[in-house]
Amino acid sequence: MRTINILGSTGSIGTQALQIASLHPERFRVNAITAHRNADALFAQVREFRPVMAGLTGMESHEVQIPEDLRFCDWRFGREALLCAAADVPCDDVLVSVVGMVGLPAVMAARKAGRRVLLANKEALIAGGKLVMAACPDGEDGPTLIPVDSEHSAIYQCLKASQGNSYEKILLTASGGAFRNYTLEQLENATLEQALTHPNWNMGAKITVDSASMFNKALEIVEAKWLFNAKPEQIEVLIHPQSIVHSMIQFRDGAVLAQLGAPDMRVPIAYAMAYPERIVTDAPKADFAAIGQCTFFAADTVRFPAIRIAYETLRAGGAASCMMNAANEEANAHFRAGKMKFTDIARVVENTLQRAGDLPADTIEQVYFADEKARSIAREEMAKL
Ligand code: NDP
Ligand code: MG
């Protein structure tokens, strides 16, 4: 039996993690869950999973009436609720599946309390990769950080099968998002509704827009750098529209290992939750005869500048990737609020990075400073549009 606390339990990743927990009640006990403002969804989860603690991170206690039958658990509110679920409520594992850079303090708090972190929240790693990796050394009992992002889970699984051989290259696959086949002109006029229709994966709104802009892959390039200690030239992005090959690693002898399966996040979530065992999930099995073919293309960095920007931030080092993430969070939210064009997202991020200059990211204070600075420049850039 492992105990798990789930930060962002009402989201796309969080609800799928709870599905896995309910499939295996003998294996997982959910001790704490948090949502941001979706109180009704959280109430239903508390009723079903009966955690010790529940938190609404985007609300204060006076804003919500806790139903009589749910008062058995410890209710927390605001930012404190996230840290309480990350560090104070005892558990083995903390699944960090909140969206955005708010995941960073949660990851750090969970590690400080000695929890194993199951990391879906890539923004924590993009913003504070150096700090996160330093806080997550492999322990005597195994890893203290297990990636949940499907590509990184795939690479992680391939590395486990590599018998200690180091890889030469990571082949990071990308579906290409909703706008894979759009022309530059079509991209200029792309709507939110179009951006939200992802061809293969059913995910939260922020990451779905990130997939359309390819900033999701940009963040994943940086995520791969930190998780697998990769140099920029060791990471190659491949567009693979079917999303069957979740990523690959290539060795010096020319051999390539890949991890494949139907595109369903329950597989990498369950892998992280039950590591190193594989457990039953409700995910469909890949039907290769029906899939027929898997195709691969090079990424187009003219239509999707995000990929180029990511490599530039890796080469710049310091807080550059952190600022790319911060500017992208601001720009993504602005686009989702209907306040700017889709193609302005990359423009805002690029202009922000140009104006921000070089900043360090060696301490948590430096990371927050760079993050705030990039957000404020990005807001100025968006106001100019
Ligand atoms: P969702 O938007 O579906 O869910 C986000 C969760 O976090 C919800 O529980 C939400 O609560 C909560 N939340 C939102 N804002 C905040 C905040 N400011 N502070 C604390 N909690 C907050 O996101 P996803 O599940 O899609 O993604 C979560 C993370 O996992 C992201 O970092 C994403 O990049 C990553 N990821 C997601 C994948 C996917 O398939 N969805 C795949 C790979 C990675 P509420 O419901 O109340 O709003
Ligand atoms: Mg991914």
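Just follow the structure's listing: the first ligand is 1, and inside any ligand the first atom is 1. All residue numbers refer to positions in the sequence shown, counting from 1.
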For ligand 1, is Gly58 a contact, meaning one of its heavy atoms is under 4.0 Å away?
no
Any N or O of [X] that comes nearer than 3.5 Å to an N or O of ligand 1?
X	answer
Gln16	no
Gly8	yes
Gly204	yes
Asn38	yes
Met265	no
Ser12	yes
Arg37	yes
Met203	no

Hey, is [X] close enough to [Y] for a salt bridge, meaning N to O under 4.0 Å?
X	Y	result
Arg76	Asp74	yes
Glu277	Arg27	yes
Arg47	Asp69	yes

Is it the case that [X] and [Y] place a side-chain donor and acceptor less than 3.5 Å from each other?
X	Y	result
Ser175	His198	yes
Thr352	Glu381	no
Glu372	Ser376	no
His246	Ser150	no
Gln194	Thr191	yes
Lys384	Asn351	no
His152	Glu223	yes
Asp93	Asn5	no

Which residue holds the protein heavy atom closest to [atom], what is that atom called, and what is the gap in Å?
atom	answer
atom 4 (O) of ligand 1	Gly11 CA, 3.1 Å
atom 28 (C) of ligand 1	Ser97 O, 3.3 Å
atom 35 (C) of ligand 1	Ala120 O, 3.2 Å
atom 43 (C) of ligand 1	Asp149 OD1, 3.1 Å
atom 18 (N) of ligand 1	His36 CE1, 3.2 Å
atom 34 (O) of ligand 1	Lys122 CE, 3.3 Å

Ligand 1 versus [X], non-hydrogen atoms closer than 4.0 Å: side chain, backbone, both, neither?
X	answer
Glu123	side chain
Thr10	both
Ser150	neither

Should the pair Phe77 and Trp75 be assigned to parallel (<30°), tilted (30 to 60°) or perpendicular (>60°) ring geometry?
parallel
In terms of atom number and element, which parts of ligand 1 are under 4.0 angstrom from non-hydrogen atoms of [X]?
X	result
Ala35	11 (O), 47 (O)
Ser9	9 (O)
Val102	17 (C), 19 (N)
Ile207	26 (O), 33 (C), 34 (O), 36 (N), 37 (C), 38 (C), 42 (C), 43 (C), 44 (C)

Do any N or O atoms from the side chain of Arg266 and from the backbone of Ala270 form a donor-acceptor pair under 3.5 angstrom?
no
Could you tell me the angle subtended at the Mg ion (ligand 2) by OE2 of Glu220 and OD1 of Asp149, rounded to 10°?
100°
Could you check whether Phe342 and Phe335 have their ring centres less than 6.0 Å apart?
yes
Can you tell me which N/O/S atom of Glu151 has the shortest distance to the Mg ion (ligand 2)?
OE1
A student comparing Thr57, Asp40, Val98, Ile13 should find that the heavy atom closest to atom 29 (C) of ligand 1 comes from Val98
Geometric cation-pi criterion, Lys225 with Phe228: 6.0 Å, 45°
no
